Amino acid sequence: MSKNLTTRAEDYSKWYNELVVKADLAENSGVRGCMVIKPYGYAIWEKMQAELDRMFKETGHQNAYFPLFIPKSYFSKEASHVDGFAKECAVVTHYRLRTGEDGKIEVDPDAKLEEELIVRPTSETIIWDTYRGWIQSYRDLPLLINQWANVVRWEMRTRLFLRTAEFLWQEGHTAHATQQEAIAEAEQMMNVYAEFAENFMAIPVIKGVKSANERFAGAIETYCIEALMQDGKALQAGTSHFLGQNFAKAFDVKFTTKEGKQEYVWATSWGVSTRLMGALVMTHSDDKGLVLPPNLAPIQVVIVPIYKGDEQFAAISEEAKQLMARLRKLGISVKYDDRDTHKPGWKFNEYELKGVPVRVAIGPNDLANGTFEVARRDDLSKKETILSADIVSHISSLLEEMQKNMFAKALAYREEHITEVNSFEEFKEVLENKAGFVSAHWDGTPETEEKIKDLTKATIRCIPLGRKEEAGSCVFTGVPSKGRVLFARAY
């Protein structure tokens, strides 16, 4: 198959858009701003879901489901929250259609809702209204709930996976008896996300907290993990929010303490979305197509037969099926591509484009010699001939090695693209010529952050956790500062 991909050097944005479509991950739909996630893309998302769901349950969380529609009045109960989402809300005003006099379908003006419904942009309001009935006593706490759902945020400029009007995600919402417990929960979930990103997605992340300007609407503190893409732009890969008692007070969620007092509960929320799919593509992939980490690849190994005639095909198929069975016993996902409608070269190109980690080819010479030809997607220059007796252990070790190598490569790139600067001229020069994270002193004010954003399009991605204290002065105002923050242009 012909890939004809734009290269990253030519046009990174175009390369990404083409790759997502050509690799069969997703495509634009007939609904403006919404995407169709295709089976191969959804299979990757399912593997993400499965691992995250396991991690959530191991930390004591349970899954539930809440309504897609939220009464408009709920949003007015938490002012800063509604301000943050007001411009992105889709609103349902009517509940019925009818056939008009011209024979066309129209909205029935007599079917206007008494109260408009918001299609959820996030679920804090509907969930905290529900929690009021679930929480009465300290015995009901902590309440640790996660929801897998879709949300709608009416984006004007959309890109597949990165920014769409509708997207898939999970959102955790927890209630606690004390402030300390809630903060510990928010930090724990940030760490869960970081572990998932690094160990499964092979994406190194920086953990930190957001500035007031970048904080989630209604949060006291937002914890985040920030990743760096190959074009030097940052991508927020996950967030966890300490909400204080804001939502508990807005929705009157109180509990009786052990001492018999009535107190408001403390809250968190946290989430990741199909945006992670975009991060996966942009962190690892190359000009030949996707490069998927073995831990998230729907197909970890593909076997391609090379043959002439039915007799060779039958013998090679027998060997391939035995290998497939041996690999599956180790929990390795494997596909034997025995289609006779495409030549081996076409198949090689297809699986390179789709990022399958390991390709095994079997031809008549391999059959005679008791060997297999093995190629790895993260380094196509390496091909090895492996004896049948060693093939299973070799592939198993290779998959582990590839997972580690992909993380190491991404980490090396990120470390090369964190640049300390001490003046605004240096700041602008790095952004224009090198990109990546710019480590700079900041005076702590939203006004300075806004001015820097207006002039450079760079925002504070995070205030890194555990940053060292270092006397300096803000690169923009010269006001004294005690530590550096990370700026970057971002998706």
Side-chain angles (χ1 to χ4, degrees), residues 1-10 12 15-16 18-20 22-25 40 44 47 197-204 227-232 277 279-304 306 323 327 330 332-335 337 344-363 366 371-388 390-417:
M1 68 185 298
S2 176
K3 299 172 189 172
N4 292 326
L5 275 178
T6 299
T7 66
R8 290 163 294 171
E10 285 177 296
Y12 190 85
W15 163 82
Y16 171 81
E18 288 178 358
L19 181 51
V20 168
K22 290 189 175 185
D24 272 343
L25 299 182
Y40 192 63
I44 299 171
K47 292 199 81 168
E198 297 194 337
N199 294 342
F200 284 83
M201 298 183 71
I203 297 178
L228 191 66
M229 305 297 98
Q230 291 180 66
D231 63 345
M277 294 285 292
L280 191 70
V281 173
M282 290 196 292
T283 301
H284 301 301
S285 301
D286 60 25
D287 294 340
K288 291 182 179 292
L290 296 178
V291 181
L292 296 177
N295 285 350
L296 287 179
I299 304 166
Q300 294 171 306
V301 179
V302 63
I303 305 170
V304 178
I306 302 170
L323 174 58
L327 290 169
L330 295 180
I332 295 170
S333 59
V334 56
K335 175 181 178 178
D337 190 344
W346 191 98
K347 294 176 183 178
F348 288 177
N349 271 331
E350 179 185 28
Y351 294 115
E352 284 174 12
L353 178 64
K354 291 194 167 186
V356 174
V358 175
R359 185 184 73 226
V360 177
I362 315 174
D366 297 302
T371 60
F372 299 90
E373 182 189 86
V374 178
R376 54 190 290 173
R377 180 60 184 88
D378 66 330
D379 188 347
L380 292 170
S381 67
K382 292 182 179 178
K383 287 184 184 177
E384 300 175 280
T385 300
I386 307 297
L387 289 170
S388 177
D390 302 327
I391 187 65
V392 172
S393 60
H394 176 80
I395 288 174
S396 181
S397 298
L398 184 58
L399 291 170
E400 290 181 15
E401 180 190 327
M402 289 175 68
Q403 185 78 26
K404 291 176 183 175
N405 284 356
M406 289 178 67
F407 177 80
K409 182 180 178 182
L411 180 60
Y413 176 85
R414 189 195 74 188
E415 293 303 292
E416 289 168 10
H417 289 81

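As the structure is a computational prediction, the values presented were derived from the model and not from experiment. Keep in mind that the numbers below use all heavy atoms, side chains included, and drop hydrogens, waters and symmetry copies.
Side-chain N or O atoms of Q403 include one that pairs as donor or acceptor with a backbone N or O of N199 at under 3.5 Å. A donor-acceptor contact shorter than 3.5 Å links the side chain of Q230 to the backbone of S285. Checked by atom type and distance alone, the side chain of Y12 pairs as donor or acceptor with a backbone atom of M282 at under 3.5 Å. No side-chain donor-acceptor contact under 3.5 Å links S396 to the backbone of V392. A donor-acceptor contact shorter than 3.5 Å is absent between the side chain of K354 and the backbone of D24. H417 places no side-chain N or O within 3.5 Å of a backbone atom of M229 that could act as its donor or acceptor partner.
At most 12 heavy atoms of other shown residues, nucleotides or ligands fall within 6.0 angstrom of atom NZ in K409. Counting non-hydrogen atoms of other residues, nucleotides and ligands closer than 6.0 Å to NZ of K47 gives a total above 12.
Taking a cutoff of 4.0 Å between a charged side-chain nitrogen and a carboxylate oxygen, D286 and R377 qualify as a salt bridge. Ionic pairing of R8 and D287 is present here: one or more N-O contacts between side-chain nitrogen and carboxylate oxygen are shorter than 4.0 angstrom.
Taking all atoms of both residues into account, the shortest heavy-atom contact from L292 to P357 is O-CG, 3.7 Å.
With a 4.5 Å cut-off on side-chain heavy atoms, I391 and T371 do not count as touching. Annotation: side chain of M402 is in contact with side chain of V358 (closest heavy-atom distance under 4.5 Å). Within the 4.5 Å cutoff, the side chain of F407 has heavy atoms near those of the E198 side chain.
With sequence neighbours left out, R359 forms a salt bridge (Lys or Arg N to Asp or Glu O under 4.0 Å) with E352. By the side chain to side chain contact (heavy atoms under 4.5 Å, CB included) test, S333 is found to be paired with Q300, residues two or more places apart in sequence or in another chain being considered.
With no hydrogens or angles considered, a side-chain donor-acceptor pair links D337 and Y351 at under 3.5 Å.
Interatomic distance, CG of L330 versus CD1 of I395, reported as 10.0 Å (0.5 Å rounding).
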